Protein chains: 2
Amino acid sequence: MPYRRTPAVQERLDATRAAIVGAAHALVGERGYAGCSVALVATGADVATGTVYRHFPDKGALFAEVFRVATQREVDAVAAAAAKPGTVAERVEASVETFARRALRAPRLAYALIAEPVDPQVEAERLTYRRAYRDIFATLVADAVAAGDLPPQDAEVSAAAVVGAMAEALVVPLHAGGGSRRTVPDLVAFVIRALGAAP
Amino acid sequence: MPYRRTPAVQERLDATRAAIVGAAHALVGERGYAGCSVALVATGADVATGTVYRHFPDKGALFAEVFRVATQREVDAVAAAAAKPGTVAERVEASVETFARRALRAPRLAYALIAEPVDPQVEAERLTYRRAYRDIFATLVADAVAAGDLPPQDAEVSAAAVVGAMAEALVVPLHAGGGSRRTVPDLVAFVIRALGAAP
DNA sequence: CCAACAAGTGAACCCCGGTTCAGACCTTCG
DNA sequence: CGAAGGTCTGAACCGGGGTTCACTTGTTGG
């Protein structure tokens, strides 16, 4: 057996793979999904086009991973905000604010994750992204309803509506870049009223 | 001058154009935007591929028109519901119900209009679609706030959030086909609470 | 009927970005 | 070192759907 993959080689492979994902991630953040060709990703990662295909079966799989990682980061941040101790209103406020602040800080990435047209394979990843947000809010709502802190309501529907409200209210700001300083507080107030939380 | 376009010819041209738009509309309703090739549209309209290009400069322009027409029909229906006399809650209920009922009755079309990946040219049309809905609700909210029927709030943000809430709450039903019978009433209740209307 | 021109046709073209693969180069271990 | 087998490269390939255009088929008015 004259060749066996050595730890050092494996490390280099992992590094290359990470560089590819990193380059793709950076590109999405800069130009959106539309501006991401495999050739450009390869250039960004300092490898040849073909090398990308030694790490991913196809483009969709690469960007599914990119979206998955980027998503997880976002969802974790919001989940952490939602889990903080406090009243329902405070937790909702923290969650919505976290979501909005991060989106407005990286608008192109947020737009890609939320609304940009993408391949079906990547779209599927996006559905799990939205689902993860729904789950965060659904849990929050269900617990609060059970504890009597919110009026009776279908937690799933309310959570979906909250996610949609956040996304839509930010689409214009994300396109226009910036948005009014009042947008986020107004959105927070909207969601708190919508869930029926005491302010 | 041996040839001049006669009224009869013009009528035939108009009919052909309408047939093309109609076929495209039907196709979107059946298979979504993704399943709409120009060749298929031509077949549906009983013309040759090239004929499509005698009526539209390119595919984007054709589908921009299709989306525009389909959109207008939807928006008009919701606007009519929003304009009915009654309390704010009643008008909101009528609007949301109209939107949801129509979307659930033609789920593929609704999905295409709301969320399916499309060309940028068509995407632009979709933005005006969402804008039109926002305007309906923004007007409703602004008037009601002025009349003291709703608490103070930014009408634009609230309207955008309502549109997003409606869209997101229906995305899953649109995919899964059907959705719970309770979804629409729950959504109505959510929106009424969100705007702060007396039930 | 015919000249002049419009409308319709659909097979061929083209573009473009994802994908491939034959060859160059590298790593391992006896 | 050299055999065995991996890894990398990037130019070439390819598919598919939008688009074109030389040609056929109307249509008009004299």
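Quick caveat: nothing in here was measured; it's all calculated off a predicted structure. Here is how names work: the chains are called A, B, and so on, in the same order as the sequence lines, proteins then strands, and each is numbered from 1.
Within residues 15-39 of chain B, no residue has any heavy atom under 4.0 Å from DNA chain C.
Listed by chain and residue number, A:His25, A:Val69, A:Arg102 satisfy the side-chain contact (heavy atoms from CB on, under 4.5 Å) test with A:Arg73 (two or more places apart in sequence, or in another chain).
Across the protein-nucleic acid pair, B:Phe56 atom CZ and D:dT19 atom P stand 13 Å apart, rounded to whole Å. Atom C1' of nucleotide D:dG6 and atom NE2 of A:His55 are separated by 12 Å, given to the nearest angstrom. Between the P atom of C:dT9 and the CG atom of B:Asp46 lies a distance of 9 Å, rounded to the nearest Å. The CG-P distance, from B:Asp14 to C:dA7, rounds to 12 Å in whole Å. D:dT28 atom P lies 8 Å from atom CZ of B:Arg12, rounded to whole Å. Atom-to-atom, CZ of A:Phe63 to C1' of C:dG17 comes out at 12 Å; the value is rounded to the nearest Å. If you measure from atom CD of B:Gln10 to atom P of C:dA7, you get 9 Å, rounded to the nearest angstrom. Separating the CD atom of B:Glu11 from the P atom of D:dT27 is a distance of 14 Å, rounded to the nearest angstrom.
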Review item, nucleotides 21-25 of chain D N/O atoms under 3.5 Å of protein N/O:
none

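With B:Lys84 contributing its side chain and B:Ser95 its backbone, the two residues share no donor-acceptor pair below 3.5 Å.
Applying the ring pair (Phe, Tyr, Trp, His ring centres under 6.0 Å) test to every pair with at least one member in residues 108-135 of chain B, sequence neighbours left out, gives these pairs: B:Phe99-B:Tyr133, B:Tyr111-B:His175, B:Tyr129-B:Tyr133.
Under a cut-off of 6.0 angstrom, the local environment of CD in A:Glu11 is sparse, with at most 12 non-hydrogen atoms contributed by other residues, nucleotides or ligands. Within 6.0 Å of CZ on B:Arg131 lie no more than 12 heavy atoms contributed by other residues, nucleotides or ligands.
Distances shown here put a side-chain N or O of A:Thr51 below 4.0 Å from the OP1 or OP2 atom of D:dT9. A sub-4.0 Å separation between OP1 or OP2 of C:dA6 and a side-chain N or O of B:Arg54 is absent.
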If you look only at distance, which donor and acceptor atoms sit under 3.5 Å apart when one is on a side chain in residues 148-166 of chain A and the other is two or more places apart or in another chain?
residue, atom, partner, partner atom, Å
A:Gln153, OE1, A:Ser158, OG, 2.7
A:Gln153, OE1, B:Arg193, NH2, 3.1
A:Gln153, NE2, A:Pro151, O, 3.1
A:Gln153, NE2, A:Leu195, O, 2.9
A:Asp154, OD1, A:Glu156, N, 2.8
A:Asp154, OD1, A:Val157, N, 3.1
A:Ser158, OG, A:Asp154, O, 3.3

Would you list the atom pairs, donor with acceptor, under 3.5 Å between side chains in residues 26-33 of chain B and any protein atom, with sequence neighbours excluded?
residue, atom, partner, partner atom, Å
B:Tyr33, OH, B:Asp119, OD1, 3.3
B:Tyr33, OH, B:Asp119, OD2, 3.1

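Rounding to the nearest 0.5 Å gives a distance of 9.0 Å between CD1 of A:Ile114 and CZ of A:Arg126.
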- request: Go through B:Arg134 and A:Glu168 one step at a time and tell me if the side chain to side chain contact (heavy atoms under 4.5 Å, CB included) criterion holds.
  value: CA-CA 10 Å; B:Arg134 269 219 309 289; A:Glu168 183 76 18; 4.2 Å; yes
